[in-house]
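A short write-up of the structure that comes next.
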Amino acid sequence: MNLNIYNTATRKKEIFEPQEPDTVKMYVCGPTVYNLVHIGNARPVVVFDTLFRILRYLYKDVVYARNITDIDDKIMKAAAENGEQISVLAARYAAEYDRDMAQLNALQPSIVPYATEHVGQMIAMTEKLVSKGHAYAAQGHVLFAVKSMADYGRLSNRSLDDMLDGARVEVAPYKKYAGDFVLWKPSAENEPGWDSPWGRGRPGWHLECSAMIETHLGNTIDIHGGGRDLVFPHHENELAQSECAHGGETYVRYWMHNGYVNIDGEKMSKSLGNFRTVRELLKKYSGEVIRFALLSAQYRSELDFSADLLEQSKSSLDSLYGALAKISEEQVPEPSLLESSAGFKALLDDLNTPMAVSELHQLAKQINKADDVKEVLQAKALMLALGDLMGVLQEDPETWFKGDSSEDSAWIEELIAARQQAKVDKQYARADEIREELNAKGIVLEDSKDGTTWRKA
RNA sequence: GGCGCGAUAGCAAAGCGGUUAUGCACUGGAUUGCAAAUCCACGUAGGCCGGUUCGACUCCGGCUCGCGCCUCCA
C-alpha cells in the first residue's frame, strides 16, 4: 500500500516515504491576493487538497501549509489604483479566496502563513546568504548570486547558459550576473517597506516561501507543490536560497507540479486575460461540480476548461448521487475494503483521479442493479469513502437534488398533490400541465411506485 | 536557440504488449398514463511513416501538428 508520487526533481514516479515516519510536511504555494482567483489558481488547491486527504488517511500527522502572499508589486499597484491600504486590500482578497476555496470543498490547511508576518525571518535568511557569499548588496538591492551554487538549475533541468540564451528581459544594471535574482529590493517613500540592513525595502518574491517553510516546517520538507509555471523561476530560486542558507541540506524531498488549466487549448492566465474566475463559475455551478471537473483529468496533464466539461461533470455527479439516494442506511467501510479497491489504489498511484472516478461509477451501477442488500451497502460505503478522499459526494443526496431551500418547497408539494389528484381522476392533460409548469421553473418530477418526488434540473 | 509536455472514439479521460476502461451525449429496447430515473443493447478509438515482436494504442526511431517554460503567473 505505497503512495507513488511523480517527483519533478527526478522526473520519475517514486514511492513516497516521509522523512519521519508517521509525519508528513507539505507546503503548497498559495495566492497573491490582489483580485479574485481564477479556475487555474483553483486547480492546485483542489489537487493538493486531495493529496492532503489521502495523506491524512495514510499518516498520523500531516502538516499542510499554504501561504498567502500579501506583499507584492501587483498588490501595491491594485491598492494604489483604488486608493486603498495594501493591508486592507490584501485582507479582503484573502477572505474572498478562503470563501471560494471552501466552496470547492478544500479543507483548511494546518497552517496559513502570511508573508508580511515573516519579514524578520526573510531578512535573517538574506543576511545569512550574504555572509556565506551566496548573495551581495548593490544599490539598495540584495541579489542572490546564482553562480555561487554549483547545481543551480537542477530542478528545472536547465543550465545557466541555456537560460540566458532565451532571456527576454533586460538585465538590471545592479546585477553582477544576468541570472541573479532579487532577495530584497528598496522601497520608495510612498511604498510599503521594512527597515533592513540595506535600508528600507521589501522582499523579493521567492524569499517568502523559503522563510515560511523554515519557520513553520523546518529545513527539509517532504512535499512542495504548486502549478507547473512555478518550477522556474520560483521553485528553482526557493531551492537555491534555502539550500545555500542551510549548508546544502535538502530543501524538498518530493516536488509536485500540476498541469495548466487551458481555455481553447491555451494556458489560462491573468496576463493573457483569458481567465474565468471561480466566483463567476460558482454562480452557475456548485463548487462540487467545479471540483469534480478539476479532478476529471490526472493532475499533471493539461485540462481544457469549458462549459461542456462542467455540464458533463454535473451529469456525472447527478448519476452518482442518484445511486446514493437509493439507500438510506449508511455504514462505515472496512479499511480492508477501501484499501483493496481499485479506486484507492488508483489514488495512491500519483493521484489517478480519473480512474478512481471510474470506480465510483461502477459502484453506482452496482447499487442501481441492487440484488444483494449487503453488497449494496458495501458499495455505498465504498463510494462515500472514496468520495471523501477526493472531496466529493459528501453532501446529503436530498440536498444535492433539492438544494437547501426546504422552506420554499411547500408550493412544489402542493402542485405535486394537485397533480396526484388529477392522475387519480384520469385528468392526464391537467397532470402534464403541472409537470410542464414545474419544468419551466427548473423542477423535475419523478414518479415511482412509492409516489412522486422532485429535484432541481 | 535551450529544456519539456502532449496527440485515444461526437466530447471528456484512463489502464494495458494479446482479454469490455469509465463517464457524458446520441440511437434502439424494457419500464412509465406521459415523463424522469434506472436497466439492457449499441462505438475494432488510439496523428502519420517505419522498426522490434507470434502479436503494439501500449516499446524504439523519424515526421507532422499543438502546447508550455526560459519574464509576472497556479
Side-chain angles (χ1 to χ4, degrees), chain A residues 8 11 28-32 37-48 72-74 77 153 156-170 179 205 225-234 236 257-262 265-272 275 292-293 295-304 306 308-320 322-323 325-326 342 346 349 352-362 364-365 367-370 401 422-423 426-429 431-432 435-436 439 444-449 452-455 457:
Chain A
T8 307
R11 290 172 282 284
V28 172
C29 287
T32 301
V37 295
H38 60 64
I39 187 69
N41 299 303
R43 189 174 191 190
V45 174
V46 167
V47 164
F48 291 105
D72 171 274
D73 286 7
K74 287 190 293 289
K77 185 161 172 272
S156 53
N157 190 33
R158 57 188 83 194
S159 73
L160 281 175
D161 292 344
D162 294 343
M163 271 186 262
L164 299 181
D165 228 29
R168 284 173 280 167
V169 257
E170 271 182 60
W205 173 38
R228 233 198 199 359
D229 42 3
L230 297 183
V231 176
F232 189 89
H234 187 51
E236 189 74 59
H257 295 95
N258 62 272
Y260 299 128
V261 173
N262 292 340
E266 270 194 321
K267 176 187 171 184
M268 180 187 300
S269 75
K270 287 178 183 170
S271 47
L272 283 176
F275 60 88
F292 194 86
L295 293 176
S296 69
Q298 205 269 351
Y299 77 93
R300 279 188 289 122
S301 46
E302 294 179 0
L303 176 72
D304 217 87
S306 64
D308 205 42
L309 175 67
L310 289 166
E311 290 298 335
Q312 290 188 13
S313 300
K314 163 91 164 60
S315 299
S316 290
L317 280 169
D318 277 344
S319 113
L320 294 173
K326 292 193 171 173
D349 183 17
N352 191 339
T353 49
M355 192 173 235
V357 167
S358 155
E359 185 171 19
L360 290 177
H361 283 290
Q362 287 174 59
K365 181 161 274 190
I367 291 173
N368 288 330
K369 286 190 172 180
F401 287 116
K423 280 169 67 178
K426 302 265 193 253
Q427 302 281 325
Y428 292 121
D432 289 348
R435 179 195 288 292
E436 274 315 303
N439 251 334
V444 178
L445 296 186
E446 298 187 358
D447 292 338
S448 77
K449 57 181 181 299
T452 300
T453 57
W454 63 274
R455 63 180 170 86

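Quick note: numbers below take in every heavy atom, side chains included, and nothing from hydrogens, waters or symmetry partners. Just so it is clear: chains get the letters A, B, ... in the order the sequence lines come, proteins before strands, and each one is counted from 1. A quick note: this is a predicted structure, and the numbers were derived from the prediction, not measured.
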Review point. Rounded to whole angstrom units, what separation is found between the CG atom of N262(A) and the P atom of G6(B)?
Key: 14 Å
Review point. Would you say A21(B) has OP1 or OP2 under 4.0 Å from some side-chain N or O of K365(A)?
Key: no
Exercise for review: Provide the Watson-Crick or G-U wobble partner of C65(B), both distances under 3.5 Å; none if there is no partner.
Suggested key: G6(B)
Check your understanding: Between the base of G15(B) and the side chain of N352(A), is there any donor-acceptor pair under 3.5 Å?
Key -> no
Review point. Would you say the side chain of V231(A) lies within less than 4.5 Å of the side chain of E236(A), judging by non-hydrogen atoms?
Key: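 No, their side chains stay 4.5 Å or more apart.
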Check your understanding: Are any non-hydrogen side-chain atoms of Y299(A) and H257(A) less than 4.5 angstrom apart?
Key -> no
With [atom1] as the reference atom in both, quote the distance from [N] to [M] in angstrom, rounded to an integer.
| N | M | atom1 | answer |
| --- | --- | --- | --- |
| G62(B) | G4(B) | P | 13 Å |
| G47(B) | U64(B) | C1' | 8 Å |
| A37(B) | G50(B) | P | 47 Å |

Exercise for review: Map N439(A) and P44(A) onto RNA chain B by nearest heavy atom, then report which one ends up closer to the 5' terminus.
Suggested key: N439(A)
Point to revise | Proximity to the side chain of K267(A) - top-ranked nucleotide from C69(B), U22(B), G33(B) | key: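 Between C69(B), U22(B), G33(B), the one nearest the side chain of K267(A) would be C69(B).
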Point to revise | Closest to the N258(A) side chain, choosing from A74(B), C69(B), A36(B) | key: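 Nearest nucleotide to the side chain: A74(B).
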